[in-house]
Structure formats: structure tokens, C-alpha cells
Amino acid sequence: MFLLVRRLPDGDVELTTWSRPGPEHLPAVVASEVVRDADLVEAVRRRESGPEGASGPRWVWDDTPRWYPRLLEAGVRVARCVDLRLCHALLRAAVSTGGSELHGAPAGPWDVPQGADGPRDGLFDVLPESLPDPGAEFLRQRAAIEASPERARLELLTTAESTGALIAVEMRHRGVPWSADVHDHLLAQALGPRPPVGERPARMREDVDEVRGLLDAPDLNPDSPAELVRALNSAGVFVTSTSKWELQRHEHPVVEPLLRYKKRQRLLVANGWAWLDAWVRDGRFRPDYVPAGSVTGRWATSGGGALQLPRAVRAAVVADPGWKLVVADASQLEPRILTGLSGDRAMAAAGEGDLYEGIVASGAVATRAEAKVAMLGAMYGATQGESGRLVPRLARRFPQAMALVEEAARTGEQGGVVRTLLGRTSPSPADAARGDLPPEMPRAEVGRDARSWGRFTRNFVVQGTAAEWALCWMGALRQSLHRRWGERGDDAPHLTFFLHDEVVVHAPADAADEVAVLVVEAAAAAGRMLFGDAPVRFPLTVAVVDDYSQAK
DNA sequence: CACTGATGCGCG
DNA sequence: AAAGCGCGCATCAGTG
């Protein structure tokens with residue numbers, strides 16, 4: 001059963017119940033009611049906690065972050081939803097919805113990004129009206145799914161995407177347990193004690209003095225690349241940029257302190273005291289996740305940089321007293337996704353254990369490091385250097401896997417679109433030319449940047465399907481955690497962090513070992529959801545730890 | 001002054 | 001100054 005919520009212009013909320021759709025018929029409204037905004041939470045709670053054993057409704061709403069935070073704050077968890085905005089983007093672009101009204105529709109209000117870039121409710125007393133006519137949008141989406149030859153896959157994709165939206169809001173709501181003390185201590189260790197605003201920390205001042213002395217440039221601003229290049233050239237260090245990679249190639253005594261300074265500066269500006277003040281409150285870091293924020297369907301973040309959390313500060317992620325962190329990392333996820341996509345039996349055999357060791361055992365390359373570089377090169381489209389040299393050796397042993405990425409690259413080079421296993425479709429070069437894509441995407445006037453666009457589509461199928469696997473993994477885990485401990489409420493183990501191919505569960509110590517088992521089972525379940533019984537494994541590295549830096 | 005693009009580096 | 005994909009963020013430097 002679907003239950004659609006919609007905010008009316010007067011601020012009240014309309015709830016409409018829809019019949020279950022099927023291959024032959026679209027859902028239809030069977031009941032409708034209007035509640036005051038103040039009564040919404042109770043209305044949802046009542047329906048969500050239905051009769052024992054019955055699955056709750058599937059809530060249908062325009063945009064999960066508009067509705068769900070308030071519910072969570074009131075202690076109401078929602079089991080399932082349809083995030084119309086996210087599903088709209090998927091279905092509109094998907095090749096497998098061809099012929100539907102939604103397919104290729106002109107951009108409209110449903111295509112406006114929400115989140116930090118779009119309308120927000122946080123600053124206003126009155127919540128904004130819903131996106132226009134969510135009921136009609138829901139019907140368009142159901143029609144597109146039901147008529148698709150890939151109906152089952154789109155159903156799984158839209159469900160997984162919507163569950164991801166719930167998880168993103170739930171993780172922000174719970175927050176990542178964060179020790180400001182540990183973080184401060186760690187910064188003091190690396191940079192010196194916290195300085196007054198506007199001043200450099202002591203250790204960095206020493207670095208700057210040293211660099212200025214060695215370059216004989218007493219007024220040098222080390223943060224200005226242009227100034228720095230000039231000063232380096234004057235001192236006989238002939239560089240054209242100030243990147244670490246180029247600096248490392250020079251012998252001059254200034255290189256070491258300069259790189260040390262840059263490393264510290266990076267830590268200070270990205271995750272220093274200012275970050276701590278801005279993002280950590282009451283022992284919790286609450287990142288703003290943006291599900292499907294990248295073209296491939298991976299999540300992004302807006303503010304806080306949670307997906308770039310440097311290893312250097314992970315020790316500040318500390319489980320609450322009496323709790324543990326269960327950290328699980330999918331080993332060699334993307335090559336395994338490629339294995340499943342291509343059905344390459346030789347690669348499946350190599351992936352029985354450590355995939356890279358398996359590639360070495362196959363005789364394709366000599367060392368694990370070579371196997372890794374070659375594999376990445378194959379998925380990214382490397383043509384030069386060590387990686388480019390090694391790729392052909394993989395192609396001989398794993399022809400099916402290589403053929404799949406080669407085919408994706410050729411399609412892109414010719415201006416075509418590719419899709420993930422579940423049907424997320426890549427933007428066309430025309431989309432990119434129209435400018436509604438991130439500017440750093442290669443501008444593919446086909447021909448000129450065709451190769452570059454081919455590398456994008458080559459990687460899209462693998463990275464995008466890996467993102468789908470990760471959504472299924474998290475979705476399955478969320479469900480099993482809730483089934484096992486749901487009645488414990490806030491004391492139940494819960495997802496607290498997600499990083500593309502890695503999840504962290506915050507769990508009471510007595511539950512941690514059992515959580516570790518459920519995480520592994522969820523990975524296997526995700527594999528079956530995508531690849532059925534195909535011979536591809538998704539092993540994890542799981543660690544039960546007190547702080548995040550202790551994992552791996 | 002605000003905005004934009006380039007640079008550099010953190011993550012997967 | 002990366003080769004070889006996808007991101008976010010701070011800062012600088014140039015422009016309007």
C-alpha cells in the first residue's frame with residue numbers, strides 16, 4: 001500500500017491512500033484525508049505501527065529531507081518510502097522507460113536540486129509547499145516502471161534509492177559519535193596548541209620560518225601558489241606548479257619542510273578547529289549527505305566533507321561508553337562488480353579469495369600491486385604508464401570482463417549512453433553540452449573529447465553498479481538491524497557512517513559481534529539481489545573497534 | 001564587493 | 001605534473 005503525503009498551500013497535509021499497482025493496472029486513490037501540520041507526526045506514527053507482522057505503508061513524498069527529520073525528532077521511524085524527486089531523476093533519464101511520459105521529459109520543477117542548494121525548511125516557520133502535484137508525478141512514475149521491459153530492476157533501483165534517502169536522514173539524525181577532546185588533542189599534536197583566531201599554530205609558524213629562510217624570501221606567503229613558484233625558481237628549484245607530486249622530484253632542502261607545511265595546512269583548513277566548531281555539537285558530527293549526488297549514483301555531501309574524512313582525524317570517531325563501532329569494508333568492490341556484470345568465470349575464480357592475489361595466481365601479472373594497478377587501469381581506461389602497460393595482460397586472462405568495459409567505452413566515444421545493472425543511465429554528451437551537468441565533466445563535443453567521454457562511460461557502469469550494490473547492502477543491513485533490535489529504540493545498533501564501499505555501525509558492546517554477522521549477511525544478500533546466483537562473492541573486512549582509526 | 005575558475009589535496 | 005574514474009572544500013587570482 002502506498003500512502004502519499006502532500007503539503008497543501010495552507011500548510012495542512014493531505015494523506016492519500018493508493019491501491020497496490022500491478023502489471024495491468026496503475027494505483028488509484030482509495031482514501032484521502034487532510035490533517036493539520038501539528039497532527040502529522042501522530043498520523044504517521046499510527047499508520048507506521050500497524051498490526052503486528054503487517055508491513056507498514058510505503059510513504060510517498062516529494063523529497064525525504066523535507067519530511068523525515070521532523071518525524072525522527074518525534075521518535076517516528078519509517079520503514080519504507082518512495083522519494084519522488086530521486087526516482088524522477090532516475091526514471092526520466094533511464095533508457096528502459098522509453099515510450100513513457102516521463103522518459104526524456106523536459107526539465108521541470110522536479111529536476112531542481114533540493115538539499116543545500118534548493119529550498120530549505122530549516123529557516124522558515126512554514127514548510128514550503130510540496131513540489132507540484134506529487135500524485136500525478138507518482139502516477140507517471142508508476143506508469144513508467146510498470147510498462148518497462150526492465151520493470152523488476154527499476155523497481156529494485158527506485159526502492160534502493162529511496163531507502164538510501166531514509167538512511168541518509170537517519171544517519172544525520174543520529175550523527176557520528178565524535179570526541180572533540182580527542183580531535184583537539186590530535187590537532188595540538190600535529191600543529192601545536194590551538195592559536196588565537198587569525199594566527200598560525202606554532203608548529204606551522206616554525207615550518208613557515210624554515211621555508212622562508214631556505215628560500216631567502218622573508219615575506220613569502222606559502223599559501224599563494226604563484227608567489228611560491230617564483231620564490232622556488234629564484235632559489236633554483238625549477239617547478240611550474242607547487243603540487244606535492246612535482247615538488248617531490250627535487251632534492252632541495254626546502255622540499256621537506258614545505259611539504260610538511262602543506263600537509264599541516266591541509267589538516268588545519270579542512271579539519272581543524274574551525275571545522276570542529278562548525279560541525280561537531282554535543283559529541284556528534286552530522287554530515288549533510290546527498291544521495292545520488294554524483295552522476296554515477298554515488299552519494300555526495302554538502303558541507304562537512306564527510307566523504308573525505310582524512311585518516312588523520314578518524315581517531316576522533318569514538319564509540320560511546322559501553323558501545324562499539326562495527327566497521328565493514330567491501331574488499332575490491334568494483335572489480336567484483338565487474339565480475340558480476342560480465343559473468344567472467346575466470347575473474348570469478350580469481351575472486352574466490354583476495355581478488356588481486358587471485359589475479360597473480362592466474363599468471364596475468366607478477367605481483368599484487370601490479371594486479372591492483374592493472375585492474376584500476378582497466379576500469380578507468382588507462383592507456384599510458386605502468387597501468388596502461390599492464391591492462392593488455394589482464395585482457396588476455398579475463399576477456400569477458402575487459403570486453404564489458406571496452407564496450408562501454410566505445411559506446412561513450414560514439415556519443416551513446418550506457419546503463420548500470422539496475423538501469424541508471426548515463427547522461428548523454430548532449431546533456432553535458434546543455435550544461436546541466438557538473439562543469440568538470442568532459443565537454444564531449446564528440447570527436448574532440450570522445451576518448452575522455454569514453455573513459456567516463458567505461459567507469460560509469462562499474463562505479464554506478466557498485467553504488468547500487470552499496471545501497472542494497474545498506475538497505476538490507478538497516479532492515480536486519482531493525483528486525484533484530486528495533487524495539488530497543490535509541491539503544492539499538494544503528495548505521496552511523498557510509499563511505500561508498502564501507503559502513504560503520506554504532507552498536508552496544510553486547511550486540512557488536514552479532515552486528516558483524518548481520519553486516520556480512522547483508523553483503524551476501526546484496527550480491528544476490530543484483531546478480532542472483534552468479535558466481536561472484538562480496539567478502540568484507542569487518543572490525544569491532546572503539547574508534548574508527550583502529551579499523552584496518 | 002561578489003562571483004567564477006583554477007589549483008591543490010583529502011576521500012573512495 | 002599525472003598516467004586513469006567519481007566527488008567536496010579552501011584558497012588564490014582574475015574578472016565584473
Side-chain angles (χ1 to χ4, degrees), chain A residues 115-117 221-229 238-250 258-259 261-272 274-275 278-279 287-314 329-335 337-338 372-391 405 408-409 412 418 426-427 437-442 451-467 470 497-503 548 552:
Chain A
D117 292 339
N221 172 9
D223 299 326
S224 164
E227 258 186 65
L228 196 50
V229 168
F238 299 109
V239 293
T240 57
S241 82
T242 66
S243 73
K244 184 163 60 178
W245 188 89
E246 189 171 0
L247 286 167
Q248 272 168 349
R249 308 177 64 216
H250 293 265
L258 180 54
L259 291 179
Y261 170 80
K262 285 166 73 94
K263 197 178 178 76
R264 287 172 169 161
Q265 168 72 357
R266 172 75 199 177
L267 177 61
L268 175 70
V269 301
N271 296 95
W275 181 92
W279 289 100
D288 213 342
Y289 294 105
V290 185
S294 88
V295 264
T296 59
R298 273 188 172 185
W299 287 15
T301 56
S302 122
L307 302 183
Q308 296 100 245
L309 207 65
R311 294 186 171 276
V313 302
R314 292 188 183 183
D329 181 309
S331 311
Q332 305 113 24
L333 177 59
E334 293 193 352
I337 291 293
L338 176 55
K372 186 172 181 173
V373 165
M375 201 62 236
L376 290 175
M379 293 185 301
Y380 293 167
T383 56
Q384 295 180 23
E386 190 195 11
S387 187
R389 262 192 308 104
L390 291 170
V391 169
V405 286
V418 297
S426 68
L437 252 45
E440 65 278 6
M441 299 282 298
R451 303 267 310 179
S452 163
W453 194 261
R455 288 194 299 273
F456 164 61
T457 53
R458 169 194 294 267
N459 187 247
F460 182 96
V461 295
V462 177
Q463 187 183 119
T465 305
F497 194 54
F498 169 59
L499 205 56
H500 306 311
D501 61 359
E502 183 174 342
V503 300
Y548 194 13
K552 120 187 199 184

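Residue numbers start from 1 in every chain, and the chains themselves are labelled A, B, ... in the order their sequence lines are given, proteins ahead of strands.
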Phosphate oxygens OP1/OP2 of [N]: is one of them under 4.0 Å from a side-chain N or O of [X]?
X        : N     : result
A:Arg455 : C:dC5 : yes
A:Thr242 : B:dT7 : no
A:Lys244 : C:dA1 : no

Send over the distance from [X] [atom1] to [N] [atom2], rounded to a whole Å.
X        : N      : atom1 : atom2 : value
A:Tyr548 : B:dG10 : OH    : C1'   : 13 Å
A:Glu386 : C:dA3  : CD    : C1'   : 10 Å
A:Arg264 : B:dC9  : CZ    : C1'   : 17 Å
A:His500 : C:dG6  : NE2   : C1'   : 8 Å
A:Asp501 : C:dC7  : CG    : P     : 16 Å
A:Gln248 : B:dG8  : CD    : C1'   : 13 Å
A:Lys263 : B:dG10 : NZ    : C1'   : 10 Å
A:Met375 : B:dG12 : CE    : C1'   : 16 Å

Using atom [atom1] of each nucleotide, how far apart are [N] and [M] to the nearest Å?
N     : M     : atom1 : answer
C:dG8 : C:dG4 : P     : 23 Å
C:dA2 : B:dT7 : P     : 10 Å
C:dA3 : B:dA6 : P     : 16 Å

Tell me which nucleotide, if any, is Watson-Crick or G-U wobble paired with B:dT7 when both distances must be under 3.5 Å.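 Its partner is C:dA10 (Watson-Crick or G-U wobble, both distances under 3.5 Å).
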NA contact type, [X], heavy-atom cut-off 4.0 Å: base, sugar-phosphate, or nothing?
X        : value
A:Gly388 : nothing
A:Gln463 : base
A:Leu376 : nothing
A:Arg314 : sugar-phosphate

Do A:Arg311 side-chain and B:dG10 base share a donor-acceptor contact under 3.5 Å?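 No, the side chain and the base share no sub-3.5 Å donor-acceptor pair.
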Which distance, rounded to the nearest 0.5 Å, do you find between the [atom1] of [X] and the [atom2] of [Y]?
X        : Y        : atom1 : atom2 : value
A:Phe497 : A:Arg314 : CZ    : CZ    : 6.5 Å
A:Glu334 : A:Met375 : CD    : CE    : 9.5 Å
A:Arg455 : A:Thr383 : CZ    : OG1   : 7.0 Å
A:Gln308 : A:Leu499 : CD    : CG    : 9.0 Å

Would you indicate which nucleotide in [options] comes nearest to any side-chain atom of [X]?
X        : options              : answer
A:Ser294 : B:dC9, B:dG8, C:dG6  : C:dG6
A:Lys262 : C:dG4, B:dG12, B:dC9 : B:dC9
A:Tyr380 : C:dA3, C:dG6, B:dG12 : B:dG12

Just to verify, what does A:Asp501 make a side-chain hydrogen bond (donor to acceptor under 3.5 Å, both in side chains) with, not counting sequence neighbours?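 Listed in chain order: nothing, the list is empty.
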Sub-4.5 Å side-chain heavy-atom contact between [X] and [Y]:
X        : Y        : result
A:Phe460 : A:Pro427 : yes
A:Asp223 : A:Tyr261 : yes
A:Val313 : A:Trp275 : no

Is there a donor-acceptor pair closer than 3.5 Å between any side-chain N or O of A:Lys262 and the backbone N or O of A:Thr242?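 Pair found, side chain donor or acceptor close to backbone of A:Thr242.
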Could you encode protein contacts along nucleotides 9-16 of chain C as a string, one character per nucleotide from 5' to 3', using B for base contact, S for sugar-phosphate-only contact and - for no contact, with a heavy-atom cut-off of under 4.0 Å? SSSSS---
Would you kindly compare A:Thr296 and A:Ser243 by the position of their nearest DNA chain C nucleotide and give the one closer to the 5′ end?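 Its nucleotide being nearer the 5' end, the pick is A:Ser243.
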Residue mapping more 5' on DNA chain C - nearest nucleotide basis, A:Ser241 or A:Val373: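 Here A:Ser241 is the residue nearer the 5' end.
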